[in-house]
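The next block holds one structure in the form of structure tokens; read it before the comments.
Throughout, protein chains are lettered first and strands after them, A, B, ... in sequence-line order, and every chain is numbered starting at 1. This structure is a prediction, so every number in the text was calculated from the model and none was measured.
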Amino acid sequence: MTDAPTPVLTDPEANQEIHQRFKKEYAAGFISDIESDTLLPGLNEDVVRFISAKKGEPEWMTEWRLKAYRSWLEMVEPDWAHVQYDKPDFQALSYYSAPKSMADGPKSLDEVDPELLRTYEKLGIPLHEQLMLAGVAVDAVFDSVSVATTFRDKLAEAGVIFMPISEAVHKHPELVKKYLGTVVPQRDNFYAALNSAVFSDGSFVYIPKGVRCPMELSTYFRINEAKTGQFERTLIIADEGSHVSYLEGCTAPMRDENQLHAAVVELIALDDAEIKYSTVQNWYPGDEEGKGGIYNFVTKRAVAHTNAKVSWTQVETGSAVTWKYPSCILKGDNAVGEFYSVALTNNYQQADTGTKMIHLGKNTRSTIISKGISAGKSQNAYRGLVRMNPNAAGARNYTQCDSLLIGDQCGAHTFPYIESKHPSAVIEHEATTSTVSDDQLFLCRQRGIDTEKAVSMIVNGFCKEVFKELPMEFAVEAGKLLELSLEGSVG
Amino acid sequence: MISISNLHAKVEDKPILKGLNLDIKPGEIHAIMGPNGAGKSTLGNVLAGRDGYEVTAGSATLNGKDILALEAEERAREGLFLAFQYPVEIPGVSNLEFLKASVDAIRAHQGKEPLDSVSFLKKAREKIKAVNLDQSFLKRGVNEGFSGGEKKRNELMQMMMLEPSLCILDETDSGLDIDALQVVAHGVNAMRDPNRSFIIVTHYQRLLDYIVPDYVHVLADGKIVKSGGKELALELEEKGYSWLESEA
Ligand SMILES: Nc1ncnc2c1ncn2[C@@H]1O[C@H](COP(=O)(O)OP(=O)(O)OP(=O)(O)O)[C@@H](O)[C@H]1O
Ligand SMILES: [Mg+2]
């Protein structure tokens with residue numbers, strides 16, 4: 001978010017002040033002027049078939065989707081989370097939108113619509129530049145279609161497969177068939193079932209045995225089209241003894257109506273493998289009155305086999321409503337699961353987020369560090385489950401849950417669930433709640449630091465344990481994001 | 001340097017400062033002593049612009065500028081520094097990070113570029129050494145888990161980094177061991193400068209053996225009730241404050 005984009009304003013008289021406000025409030029909130037191919041609203045079996053056909057999917061994939069769709073019909077939207085919102089009208093959403101110029105699919109980066117590339121540039125992801133400099137391979141998903149996957153050649157040399165999942169269905173059907181839906185089954189929950197039926201695109205990663213992925217892999221998601229839902233599906237398989245670090249960034253333009261984002265991410269870490277999955281989520285949170293914003297209902301889950309390690313790191317500053325629990329099933333002995341989270345809510349945002357650590361194997365270990373920051377009139381809940389199954393001898397969990405309140409109209413809630421079925425399992429839980437105190441602010445101001453900078457410094461300090469888990473350039477971005485999201489929350 | 005005239009201030013509707021006058025010229029050191037609850041810390045807070053302290057009458061000018069009209073951070077940038085009686089912790093924000101933000105904010109006010117990190121680090125290392133704290137303190141959170149005396153030394157360190165023109169030290173000597181007291185005294189003496197003034201709030205004449213003040217004032221019930229030279233401190237040490245009340 002280095003370069004603040006110019007918002008598209010309809011009123012030519014719009015003055016400098018509005019301009020400034022737009023910039024400050026949500027730097028990623030521009031709308032791209034791209035012609036797109038959008039399906040009419042509504043959902044039925046034909047729509048599912050249409051999506052599948054549009055991608056030229058094989059029969060087995062179509063059937064897989066239909067099965068999910070039929071399950072979804074029988075399910076009801078969950079309402080146990082500590083959030084309140086108007087339930088989306090699933091018949092009023094469009095389930096497919098692709099920028100028109102993508103219709104034939106770009107063959108190389110040069111063929112990608114320059115307007116689309118400019119969009120990414122505004123987001124601070126100059127693809128061309130990244131190709132040459134950053135050493136980050138980017139798979140950018142714009143609405144429903146992967147736009148360009150960079151660095152493919154270099155990755156291919158190492159045997160790493162990194163491509164849109166729609167392409168993987170064609171090129172690596174055996175891997176997709178073997179793993180898709182094994183960690184998050186189609187019927188897992190309402191949104192996961194919906195995603196399984198209509199998912200449009202997402203990333204697919206396979207790291208072969210013993211390979212250390214030569215670069216960070218990265219995906220940027222952006223919802224542009226109005227009244228569309230975005231349903232990406234990510235599948236990452238780290239074969240035995242391999243290692244991969246994957247980054248995910250999300251943005252959406254400012255729109256008055258709520259937009260739905262229901263993604264599914266499945267991670268499979270086979271024996272001795274390691275997956276590090278980092279997210280910086282900056283979906284549009286709605287305006288100061290709570291109008292608009294993304295509904296972010298995401299299912300993310302990993303399975304870790306013997307001696308494998310999975311680490312989730314997330315920085316969540318966006319969305320009107322967040323419902324998200326990146327989880328680890330520690331299936332093999334000695335498997336390790338980690339969850340580092342910063343969830344910031346401001347204005348009328350609501351977040352119910354946390355993790356599940358399911359200990360199945362012996363001597364499995366998990367660490368949960370959750371930092372919740374609430375400002376404005378927002379509600380921020382941590383919900384975490386630690387379960388030690390009967391075979392999990394010697395399993396250990398450490399949970400630390402810290403809440404920081406800014407102002408007195410917001411709320412922080414902690415819901416830890418602990419189920420221990422093995423006497424030798426050790427579960428430690430610590431929780432704190434603090435505020436940004438007047439004394440701290442005064443100390444900063446007395447040293448010449450203005451209030452806004454002081455708050456952002458204090459909040460960043462509070463998040464330090466999580467930020468240090470992020471790759472360097474992401475940590476910087478995350479810090480800036482917090483700063484932006486907190487504008488005007490004090491004083 | 002600073003000129004305070006007929007200053008009245010209240011906290012939570014309770015009048016605390018009740019017509020305080022004080023005039024400090026560049027290069028001078030003024031010690032302020034006085035009983036608990038007299039308003040010494042309040043004076044520091046009012047001058048530094050802390051929220052919740054309402055000035056109801058009087059004026060204060062720093063180098064000719066009406067500082068009471070400025071925001072707290074602006075006063076700091078104008079060269080006013082307050083070493084706190086009870087320094088607060090800011091967990092997770094390292095001393096270095098904090099100092100860099102502080103130094104750069106003040107430099108920006110003076111129209112200067114941010115200090116380059118090499119010079120900044122060099123200076124920070126030098127100053128932390130001067131207050132006899134280990135280099136590792138630079139990386140620790142601001143006052144986070146510091147002992148009482150370490151916090152006080154950290155305040156002094158910040159003062160040395162920022163090179164303010166008016167330094168207010170609020171009981172920086174309280175809770176210090178003998179060696180630390182020397183460190184503080186040495187630090188202040190090293191900073192003595194014809195263009196810099198000090199207000200030193202203390203309960204102990206001991207500190208004034210090391211930092212020799214130009215004037216000693218007694219603050220009681222929100223006013224300066226007696227002023228004198230350094231020998232006044234000795235007299236107070238001997239007699240306490242009660243004799244002043246009968247005199248006043
Ligand atoms: N925020 C506040 N709310 C209510 N009363 C306050 C507040 N701040 C200061 N006071 C009161 O103002 C009076 C002066 O306090 P102050 O801290 O200035 O005293 P002091 O001279 O520094 O005392 P000490 O020597 O104990 O440090 C005290 O009676 C104190 O209780
Ligand atoms: Mg005091």
Side-chain angles (χ1 to χ4, degrees), chain A residues 315 340-342 344 369-373 400-408 430-470 475-476 478-480 482-483 486 490-491, chain B residues 44-45 47-53 70-110 139-144 151 154-155 157-159 161-164 166-168 170:
Chain A
V315 176
Y340 300 99
S341 167
V342 167
L344 180 147
I369 310 280
S370 160
K371 304 277 182 177
I373 302 146
Q400 184 190 324
C401 235
D402 300 321
S403 307
L404 184 69
L405 301 174
I406 302 173
D408 54 9
E430 284 176 27
T432 65
T433 300
S434 52
T435 55
V436 174
S437 75
D438 292 347
D439 286 347
Q440 289 171 329
L441 288 179
F442 183 55
L443 167 58
C444 295
R445 296 179 66 201
Q446 212 306 300
R447 301 300 184 250
I449 302 164
D450 63 53
T451 307
E452 227 151 66
K453 169 83 184 158
V455 170
S456 103
M457 227 166 53
I458 293 169
V459 168
N460 270 291
F462 173 76
C463 301
K464 190 149 279 180
E465 285 158 283
V466 174
F467 284 179
K468 74 174 172 25
E469 298 296 327
L470 286 172
V476 173
K480 284 190 193 147
L482 289 192
E483 205 163 315
L486 282 168
V490 169
Chain B
N45 284 325
L47 293 179
R50 186 176 193 132
D51 288 339
Y53 290 76
L70 302 179
E71 293 291 335
E73 57 269 35
E74 294 167 335
R75 300 182 198 193
R77 294 170 195 164
E78 288 290 332
L80 185 149
F81 183 95
L82 174 63
F84 292 91
Q85 183 174 358
Y86 304 109
V88 60
E89 304 193 2
I90 309 183
V93 177
S94 75
N95 250 337
L96 270 184
E97 202 180 331
F98 178 77
L99 281 166
K100 186 79 168 73
S102 177
V103 166
D104 288 346
I106 288 168
R107 287 176 67 92
H109 180 71
Q110 297 164 344
K139 295 214 171 122
R140 283 172 65 177
V142 176
N143 296 325
E144 192 179 355
K151 284 181 183 170
N154 201 37
E155 292 289 291
M157 187 281 181
Q158 291 169 20
M159 187 168 98
M161 284 298 289
L162 301 180
E163 302 172 355
L166 175 67
C167 307
I168 306 171
D170 192 356

| task | Answer with side chain, backbone, both or neither: which region of A/Cys444 has an atom nearer than 4.5 Å to a non-hydrogen atom of chain B? | result |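 Interface part for A/Cys444: both.
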
| field | A/Asn460 versus chain B, the contacting section by heavy-atom distance below 4.5 Å | value |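 Neither part; nothing is under 4.5 Å.
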
Counting only non-hydrogen atoms closer than 4.5 Å, does [X] touch chain A with its backbone (N, CA, C, O), its side chain (CB onward), both, or neither?
X        : result
B/Tyr86  : neither
B/Val142 : side chain
B/Arg75  : neither
B/Leu80  : both
B/Ile106 : side chain
B/Leu82  : both

| task | Under the salt bridge (Lys or Arg N to Asp or Glu O under 4.0 Å) rule, what do B/Glu89 and B/Arg140 come out as? Steps first, then yes or no, please. | result | CA-CA 11 Å; B/Glu89 304 193 2; B/Arg140 283 172 65 177; over 6 Å; no

| field | Among the listed options A/Gln446, A/Lys464, A/Glu465, A/Met457, the residue most often paired with chain B at heavy-atom distances under 4.5 Å | value |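 The candidate making the most pairs under 4.5 Å is A/Gln446.
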
| task | From the options A/Leu441, A/Leu443, A/Asp438, select the one residue that forms a side chain to side chain contact (heavy atoms under 4.5 Å, CB included) with B/Val88. | result |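 Single pass found, and it is A/Leu443.
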
| request: Measure across B/Phe98 and B/Ile90 and return the closest heavy-atom pair with its distance rounded to 0.1 Å. | output: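 Scanning both residues, the minimum pair turns out to be CE1-CD1, 4.1 Å.
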
| Hey, are B/Asp104 and A/Lys453 close enough for a salt bridge, meaning a charged N less than 4.0 Å from a carboxylate O? |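 The answer is no: the pair does not qualify as a salt bridge.
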
| query | Based on non-hydrogen pairs under 4.5 Å, which of B/Glu144, B/Glu78, B/Arg77 is most in contact with chain A? | reply |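 Looking at each option in turn, the highest pair count goes to B/Arg77.
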
